[in-house]
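A, B, ... follow the sequence lines: proteins, then strands. Residue 1 opens every chain.
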Amino acid sequence: EPEVTQTPSHQVTQMGQEVILRCVPISNHLYFYWYRQILGQKVEFLVSFYNNEISEKSEIFDDQFSVERPDGSNFTLKIRSTKLEDSAMYFCASCRGDSAGNTIYFGEGSWLTVV
Amino acid sequence: AQKVTQAQTEISVVEKEDVTLDCVYETRDTTYYLFWYKQPPSGELVFLIRRNSFDEQNEISGRYSWNFQKSTSSFNFTITASQVVDSAVYFCALSEAPTGANSKLTFGKGITLSVRP
């Protein structure tokens, strides 16, 4: 069964460093997302991406964050200068986007620890 | 604005007991989708079910069943004859848009279910 894959599964980084989290969405999906889950808290929407541009972003997704689809398969989240409060599990997700297939499927997550 | 409330935070049951996880939602839209996801200790989010607002039929899948009631804005999830492998955090989520880029999910806070042998 097709799945969303994410790398790395876990990354430890120094405060102020740049981090790139990578995702390969399901191949026939058109809509891509990043969500965040701080330890012990609920899952929060960060950004949605369609047709090579951001379609919606939350207030969490400030200028330190950016997303990119550099080629036909990868979808990346960059945090420019990490802060301690960026420590969280980051989930990539994708969705086919038609009326029969708008279920959002999640990857296994990338656990980011900022020290 | 949309909101999902999972009032129960932690539930502990003994194996083979039935357990119901509650979910109450708020939305101004007439078209919306409701979801349940399971997050086992390994951390991934596993899709369990999607239900659209026009389909109030209850659904059963093996030991899992879902009760959608628009009148009370609830979408409850029952596990029958629980097993240790059911131990996880369960999230209820709502999407207001039927398709596409606006299909972002609003999650509840999750319910931690522990099933003891």
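- The most heavy-atom pairs under 4.5 Å with chain A, out of B:A93, B:G108, B:S42, come from B:G108.
- The environment of CG in A:L39 is sparse: at most 12 heavy-atom neighbours from other residues, nucleotides or ligands sit within 6.0 Å.
- Within 6.0 Å of atom CD in B:Q57, 12 or fewer heavy atoms from other residues, nucleotides or ligands are found, so the atom counts as exposed in its surroundings.
- Hydrophobic cluster membership differs between B:W36 and B:V46, with clusters built from Ile, Leu, Val, Met, Phe, Trp and Tyr side chains linked at under 4.5 angstrom.
- One hydrophobic cluster, built from ILVMFWY side chains closer than 4.5 Å, holds both A:I60 and A:I79.
- With rounding to the nearest 0.5 Å, the separation of CD1 in B:I49 from OG1 in A:T103 is 10.0 Å.
- Scanning residues 5-14 of chain B against chain A with a 4.5 Å non-hydrogen threshold yields no residues.
- The two residues B:K109 and A:K42 have their closest heavy-atom pair at CA-CB, 3.7 Å.
- For the pair A:Y35/B:L105, a side-chain contact is recorded, criterion being any heavy-atom separation below 4.5 Å from C-beta on.
- The CZ atom of A:F106 sits 10.0 Å away from the CZ atom of B:F91 when rounded to the nearest 0.5 Å.
- Taking CD of B:Q39 as the start and CE of A:M89 as the end, the distance is 6.5 Å to the nearest 0.5 Å.
- By the rule that hydrophobic residues join a cluster once side-chain heavy atoms approach within less than 4.5 Å of another member, B:W66 and B:V24 end up as members of separate clusters.
- Note on A:E44, A:Q41, A:Q37: by heavy-atom pairs under 4.5 Å with chain B, the leading option is A:Q37.
- The disulfide (SG to SG under 2.5 Å) contacts involving residues 57-96 of chain B comprise B:C23-B:C92, where partners must be two or more places apart or lie in separate chains.
- Open room surrounds CG on A:D63; 12 or fewer heavy atoms of other groups in view lie less than 6.0 Å from it.
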In residues 15-25 of chain A, what donor-acceptor pairs under 3.5 Å come from side-chain atoms, sequence neighbours left out?
none

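- With sequence neighbours excluded, the residues that form a ring-ring contact (aromatic ring centres under 6.0 Å, His included) with B:Y90 are B:F77.
- The OH atom of B:Y33 sits 11.5 Å away from the CD1 atom of A:I104 when rounded to the nearest 0.5 Å.
- Under the 4.5 Å side-chain heavy-atom criterion for ILVMFWY residues, a single connected hydrophobic cluster contains both A:F65 and A:L84.
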